[in-house]
Amino acid sequence: MFLNGTAMAGGADHHLAGGAPCLASTTTAKRYRFHAVGGAYPALEDVGADQGAAVQGEVYELSYEQLRDVLLPGEPAGLELGVIELADGTGSLAMILRRPHPDRPELTDISDLASWRAYRERS
């Protein structure tokens, strides 16, 4: 599972990873716009090959039970589980922007930072 927000190591929601091993610190392929949703959480939006940014994150080895019972229930309503492409061309589960989502707060494009930590440091 690719984590790119508050559930990464050192984040407020890292407990949702439940002690799962971190397999890699990596980036996505350059096909995602990266948004701050209402300033509260990040969201990936697939915009196509070489049209986006390489977003920083961490890949964790989560059990199905950990994913189903702990991580997913802790995710915001504006996100959904999907598959993304990592920089090395492999795929990973990740939370992606749900479209359409009429109740979603304002999106702020933070693709130039490509890092939730960098965004939080600036805010």
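Counting heavy atoms from C-beta outward, L71 and Y60 have side chains that stay 4.5 Å or more apart. Looking at H35 and L97, their side chains come closer than 4.5 Å, going by heavy atoms from C-beta outward.
Placement of M8 and L93 within a single hydrophobic cluster is found when ILVMFWY residues are connected by side-chain heavy-atom separations under 4.5 Å, directly or transitively. Residues L107 and Y32 are members of separate hydrophobic clusters, defined by side-chain heavy-atom contacts under 4.5 angstrom among Ile, Leu, Val, Met, Phe, Trp and Tyr. Both L79 and V70 are part of a single hydrophobic cluster, where members link through side-chain heavy atoms under 4.5 Å apart. Y41 and L16 fall within the same hydrophobic cluster, where Ile, Leu, Val, Met, Phe, Trp and Tyr residues are linked whenever their side-chain heavy atoms come under 4.5 Å apart, directly or through other members. Linking Ile, Leu, Val, Met, Phe, Trp and Tyr whenever their side-chain heavy atoms come within less than 4.5 Å leaves L86 and M1 in two separate clusters.
P42 and G5 get closest at one heavy-atom pair: CG-CA, 3.5 Å. Considering all non-hydrogen atoms of both residues, A17 and A7 come closest at CB-O, 4.5 Å. Across all non-hydrogen atoms, the minimal contact from R117 to E58 is NH2-OE2, 3.1 Å. Across every non-hydrogen atom of S111 and A53, the tightest pair is O-CB, 3.5 Å. Pairing each heavy atom of F34 with each of W116, the nearest pair is CE2-N, 3.6 Å. When all heavy atoms of D109 and D112 are compared, the closest pair comes out as O-OD1, 4.3 Å.
Side-chain contact, E121 with Y119: no donor N or O sits under 3.5 Å from an acceptor N or O.
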Mind running side-chain contact (heavy atoms from CB on, under 4.5 Å) on L81 and M95 for me, showing each step along the way? CA-CA 5 Å; L81 186 63; M95 298 309 292; 4.0 Å; yes
Test side-chain contact (heavy atoms from CB on, under 4.5 Å) on E106 and T108; report intermediate values, then the result. CA-CA 7 Å; E106 179 181 332; T108 302; 4.2 Å; yes
Test side-chain contact (heavy atoms from CB on, under 4.5 Å) on I96 and I84; report intermediate values, then the result. CA-CA 8 Å; I96 57 174; I84 63 157; 3.7 Å; yes
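One finds the OG1 atom of T26 at 12.0 Å from the CG atom of N4 (value rounded to the nearest 0.5 Å). Within the model, atoms NE2 of H15 and OG1 of T6 stand 8.5 Å from one another, a figure rounded to the nearest 0.5 Å. With rounding to the nearest 0.5 angstrom, the OG atom of S123 is 8.0 Å from the CD1 atom of I110.
Salt bridge annotation for D50-K30: absent, with no cationic side-chain nitrogen under 4.0 angstrom from a carboxylate oxygen.
Side chain of Q56 to main chain of T28: no donor-acceptor pair is present (N/O by atom type, distance under 3.5 Å, no hydrogens or angles).
A side-chain contact (heavy atoms from CB on, under 4.5 Å) with F2 holds for exactly one of V83, V59, T27; it is V59.
A salt bridge (Lys or Arg N to Asp or Glu O under 4.0 Å) check over residues 63-85, counting only residues at least two apart or in different chains, returns the pairs R31-E85, E80-R98.
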